[in-house]
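Working notes, beginning with the structure itself.
In what follows, every chain begins at residue 1, and chains take the letters A, B, ... in the order their sequences are listed. Every heavy atom of this structure was used, including side-chain atoms; hydrogens, water molecules and symmetry mates were not.
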4 protein chains.
Amino acid sequence: MTSKGRVLLAYSGGLDTSCILAWLIEQGYETIAFMADVGQEEDFEAAKKKALAVGAKKFILEDLKKEFITELIYPAVQANAIYENVYLLGTSLARPVIARGMMAVAEKEGCDFVSHGCTGKGNDQVRFELAFYGLKPDIKVIAPWRIPEFYNRFAGRQALLAYAASNQIPVQQTASKPWSTDENLFHISYEAGILEDPDVTPPVDMWKLTTAPEDAPTTPERLSIEFKGGLPVKVVVEGGKTYEDSVEIFLALNALGRKHGIGRIDIVENRFIGVKSRGCYESPGATILRVAHMDIEGLTLDRNVRALRDQFVTVELSRILYNGHFFTPESEFVRSAIPASQRSVNGVVRIKLYKGNVVVEGRSSDEGLYDEKQSSMDELGGFEPTDTTGFIQIESIRIKKWAQANIRKGQAGVEPKDVYGWRV
Amino acid sequence: MTSKGRVLLAYSGGLDTSCILAWLIEQGYETIAFMADVGQEEDFEAAKKKALAVGAKKFILEDLKKEFITELIYPAVQANAIYENVYLLGTSLARPVIARGMMAVAEKEGCDFVSHGCTGKGNDQVRFELAFYGLKPDIKVIAPWRIPEFYNRFAGRQALLAYAASNQIPVQQTASKPWSTDENLFHISYEAGILEDPDVTPPVDMWKLTTAPEDAPTTPERLSIEFKGGLPVKVVVEGGKTYEDSVEIFLALNALGRKHGIGRIDIVENRFIGVKSRGCYESPGATILRVAHMDIEGLTLDRNVRALRDQFVTVELSRILYNGHFFTPESEFVRSAIPASQRSVNGVVRIKLYKGNVVVEGRSSDEGLYDEKQSSMDELGGFEPTDTTGFIQIESIRIKKWAQANIRKGQAGVEPKDVYGWRV
Amino acid sequence: MTSKGRVLLAYSGGLDTSCILAWLIEQGYETIAFMADVGQEEDFEAAKKKALAVGAKKFILEDLKKEFITELIYPAVQANAIYENVYLLGTSLARPVIARGMMAVAEKEGCDFVSHGCTGKGNDQVRFELAFYGLKPDIKVIAPWRIPEFYNRFAGRQALLAYAASNQIPVQQTASKPWSTDENLFHISYEAGILEDPDVTPPVDMWKLTTAPEDAPTTPERLSIEFKGGLPVKVVVEGGKTYEDSVEIFLALNALGRKHGIGRIDIVENRFIGVKSRGCYESPGATILRVAHMDIEGLTLDRNVRALRDQFVTVELSRILYNGHFFTPESEFVRSAIPASQRSVNGVVRIKLYKGNVVVEGRSSDEGLYDEKQSSMDELGGFEPTDTTGFIQIESIRIKKWAQANIRKGQAGVEPKDVYGWRV
Amino acid sequence: MTSKGRVLLAYSGGLDTSCILAWLIEQGYETIAFMADVGQEEDFEAAKKKALAVGAKKFILEDLKKEFITELIYPAVQANAIYENVYLLGTSLARPVIARGMMAVAEKEGCDFVSHGCTGKGNDQVRFELAFYGLKPDIKVIAPWRIPEFYNRFAGRQALLAYAASNQIPVQQTASKPWSTDENLFHISYEAGILEDPDVTPPVDMWKLTTAPEDAPTTPERLSIEFKGGLPVKVVVEGGKTYEDSVEIFLALNALGRKHGIGRIDIVENRFIGVKSRGCYESPGATILRVAHMDIEGLTLDRNVRALRDQFVTVELSRILYNGHFFTPESEFVRSAIPASQRSVNGVVRIKLYKGNVVVEGRSSDEGLYDEKQSSMDELGGFEPTDTTGFIQIESIRIKKWAQANIRKGQAGVEPKDVYGWRV
């Protein structure tokens, strides 16, 4: 049979993508298996063997860890990115890097097609495919879980197992966990299975990365993080090591966070396709970084920049990342405002870690925007208190006018009506 | 000497406002002392005796606790109000209620003037005075700490003590703490003094409300909070009591939070007048409520409403509260959008408290916006996977066009240039 | 043949929906033809005859003009709704009313299906269908132009004409215009055909509603519009009539605008599906109302409310309307903020119309937010100029700190670097 | 008498600043008179003579026209800056350039003080002084109209005239206009005097720059404007000249706009100090540029970038400019996002000018984001109509869920309640 073309498959080594690999070959595609090392715990060698055994033409592994940190995680740290107030976007952040790795390989290997094992209901299919199209708009995507002849044929796990058996695909005998996970050096996610009931408390043995706060050390541990331009450039652990390399900084914060039970998240979130779903996440290092970065911004970032950045960059970049819109014009636009917001974010934050808590114990900076004398309640510090009288008078001009209008109309005064029903 | 007029003084019972009371009388004003009970720990009886002893015409105490909770705290809970990502606005929230209490008394008692002991550099002078003007635009404010003849005369604590001695003002002999505080049932604040160095770790004995996480119980405690319209209507403590009254709910959450070391905040924030200052806060019950409210919103609030509310109501209401703009047209405008955002926020959140951690263990609701079948990765649930293909195709139209334009101009492709300098 | 069920068809009387009517009957559906009177010029009687002749079970005409004005147009006027700075949303505004009219009929007539003649590339299919689902989530939609067996069969106008001939569908012999239109009492739209080249100037005889400015009267005409709560309640034409009924007000403004060449728009806009398209519109009365409403807001709306409303309500409501999201939670949320923003928008605007220009000649209001004495440059008016000094000093605190930091870092001073490349 | 120091005075040549010049000298300051050429009609030579005659140590004139256009006007054009939907910010835009010119001279000439003739109620005092402090935070400002000994002494025009007479200050005998103006190459403003009644129609002879639409040519004139990166780089007048220099382009558009009666504005606006005031403006060239720029953005700017830019950059930059916050961190932040938003804004707009109307007649671009085939209603153009079905189905998921919840709660359905009182 002549090849229908060459496919680059995002391969995980698991049952699903192994069956998809076999199926693609069966359909007449020449298939290359692709894996990205974004810091997940994985036996890449075993995956390679399996892919080649199933029939992949090639197995390509790309180490994207540094790119992942410096191109995706860092702007997210600078922007305090967070989705729906809770989720630190760990999976979302890895997708653009993996997609770009795949598109680069697809170009080099002459693949017209790309394929993946994402389901038809989740965010990842969207994130991958929009990233593919944003980089290589002529790429063709084969998404088996959205192709009726595939998903009808493999309607349950038994069908996949049977297909695996008949295709000599080795299957791990370990019982599958009653949830699915995605892991990288930023976080691990848990969803589906028993977690689909949002009122089910995750079992204690689900959490894989972090120690439970209950089991974390009873002695706090202290460290300091130095930021330059809003990015961590040095981590000093009290009585321990110093880290200055971008990957090592991240790994060190992860190790500390895992030890002290930091960064567990349990959330019902809104997927891009408009379905609510429940996810659990562990983001140990990212949680520490977030606390420290927001704190150093207090000392070094202008008030108005901070407010505008929070409304614009933080919310929009988080939505862009979550929805898989990293390679879009709005992403370029929003990210272009980050450097100007971080120019002054330089300084050191001192942190205490203790049983799930990230406690800021102090911070310092040479930026000079904080002025003890000026803020002091105990001295004038070059301050004319009468200026504040003028300030308040001017600030009150429109407020007085409005109050006068309300009083004249009988719509206000010292006993306001219960306009919004908040009085109980 | 004929009276210059009648002044209503915001009286605290402390050295400053006692001296101001004496000074106002000395200046020829008939002065009434006003105190508000907003849940602070205070010996109101002693304050009354002192005020009358110093020469106040009257002492008026108003219990504003319920009003404080239902009119200020509740909308802040509904809106997830927070200033600069960290501060829960405890002091800001109390000011409008106190100001309204004062204006009501000023009207009843025929006071043309109102006075307070706020310094000329802080937020509270602005919050009080803008609230006064927003309710009673013809009120006249006497702010001694901004009047040169006052602040020059009483340049340090010694001058105040001498004035107190010569005016028979009783002074507590306890050594003053090296910081100042403001307390109400929502929180306590600490600022000034030794805290003015942002790198000084607050001493362990400063924290007054909450147990240190290190000293908190080693056994977690569990409770559930039921929300209706985004407001807590029932708290059930596992193996304990049930609370349904608005004040009791808040007090119960406060007690639980204090016991388990929850709600400590240490921040460098931007005052309205543009000066950075360092504040420490304890908001135990508010922290629990915030976590629970944001969680139940995940289950019951529409994605687009949530995103718009976060950008608009949360950020703007928080700024309005912090800057003392509660009685303004923009405050009325922003708050008017809250009820529509909370109509569906009904359900129960199960919480675990443990050594500073507020952990959501599950949540449930009858709203029906979460649909296990629909989000499930294991079944189709009335879902056509092919629809998602269409969705992604349509979503990618403008992204592909943009990518094609970039490729044509040599400005994109699989190896993007390092536009923003984020590659390390 | 047994009926497959009952369909309510959005019928226009034209070739497309007449063929769809015949085709639906051919497919075995019992079909009811629905028309909405939203103010378009139309021979409803002829349409009825035609529909019944083709085989419709019933023809139902609903007069939705008043509802259209008061429920859709009025909030859009209050919010100054506009899409991409130019388009006044005339078609978008009519869709929710028509959709609701259809759903009410569908319920009454027991129709499980609803059908329309919208193409598969436009906005209207989305607007109609999302409105259907937002009102009656179990409705089933038949969109023939997205059904391959339909659109492949009727690939061009000739195929439709042939089908019409073979089904005794009367076809108007007038040559079809080289563009398509949609009309209601708010506007008329022109798109497609020769307009698809965005550099083609629309032919002078395309514009149907308005006189060309070149041909408009050489004498200006004057009128006044009175607003209450941001809504027009009285229009007085100088030397002419007075209008107070909501529909009559709109029709009068339309007549005046048409006469004076007002409200022509030519735009390349972004459809919801992500395709750019060119549209021309005439919105005579709406353009006059918009100018007048924005002007009276200058006199009567608080600055901060205006700014927040512009950022939040105007932009979001316009997007909601354009994208067909009127019956959604975010629409309810955003619209809930409108009344509080319009409470003070009361007063009269005097307008001159002349050859395409809507000129404000004056405005007045009893609200009292404008104070001649206060704004006057010629008198103090209860104003202490020294207050402004204090205001500026306080406003400059953070700016000076920032300038000092920049100077210290060599990043500023009186000769700023050309950071963004704007110096030519 | 020893000098109190050296003052740089923003000198206009008029009565006010001439008296201020004399008064500063009288107070013991060595005073240098500064004028900026920002394109206003002015006899600079006469002003120089007068300043030196009154006693200025020096007269310094700086030509800031090019800087004004390229550094201030161009970003405003790129961002479609507009204040309160109407005012194009002509005065606001000139202030930062003038302030920087003054600070550069103050440094060179060793002036510790700077002075101006702005009143204590307006915007310009704030704009000037915040700009001074943002560039040279140690500068000291002398604002006579806010100094009681000055404004009480010179309480009316008569007092100034008397002072002028006694100080040999030559006064023009022309009757002063009953309003005040500010002029530069972007616009002219009129305010105060008879304009303080917002219901007074400006007299026809007030408008100085533009022909009245009634008196403008009866023949339209056509031109094309080419944009690169959102900036005008070439203007071709049909049957006329071509302009490519930044200043010449602006002057040419101004001349065309003036001739055809374009750019008159009459508005009640909100000053930064919270006072409403009435202003009239003429911005002929700016109005043409604005229409053309917004139009070319339709063809070349991504939808999501446009929406975000409108909400964030346009509104915020306009507020920043109006309030005099150009040299602030938030200004740097907001402007940093402009280039990424304008990268694709390249193309040509064809314009017709006629009696106050700026009519777009067509536009073209090589960017390739517009695709006739794709938007065409007449052909498929690589478009799968079934994709849109999927898109709508996915888009409707959350809307259906919400509608179902509303129906279950009796809060919705085809006959919605009149929640907001909009039904008349």
Does C/Arg335 count as lying over the ring of C/Phe326, i.e. NZ or CZ under 6.0 Å from the six-ring centre, within 45 degrees of the axis? yes
State, without any angle test, whether C/Glu269 and C/Tyr322 hold a side-chain donor-acceptor pair at a distance under 3.5 Å. yes
Testing the basics here: between C/Thr300 and C/Ser344, what is the closest heavy-atom pair and its distance to 0.1 Å? O-OG, 2.7 Å
Which one of C/Lys401, C/Arg343, C/Lys276, C/Arg303 has the most heavy-atom pairs closer than 4.5 Å to chain B? C/Arg343
Less than 3.5 Å apart, any donor N or O on the side chain of B/Lys228 or B/Asn346 sitting next to an acceptor on the other? no
Could you check which of C/Glu330, C/His325, C/Glu395 has the highest count of heavy-atom pairs closer than 4.5 Å to chain B? C/Glu330
Proximity breakdown for C/Arg309 and chain B, heavy-atom pairs closer than 4.5 Å: both
Selection from C/Ile397, C/Ile394, C/Leu308 maximising heavy-atom pairs under 4.5 Å formed with chain B: C/Leu308
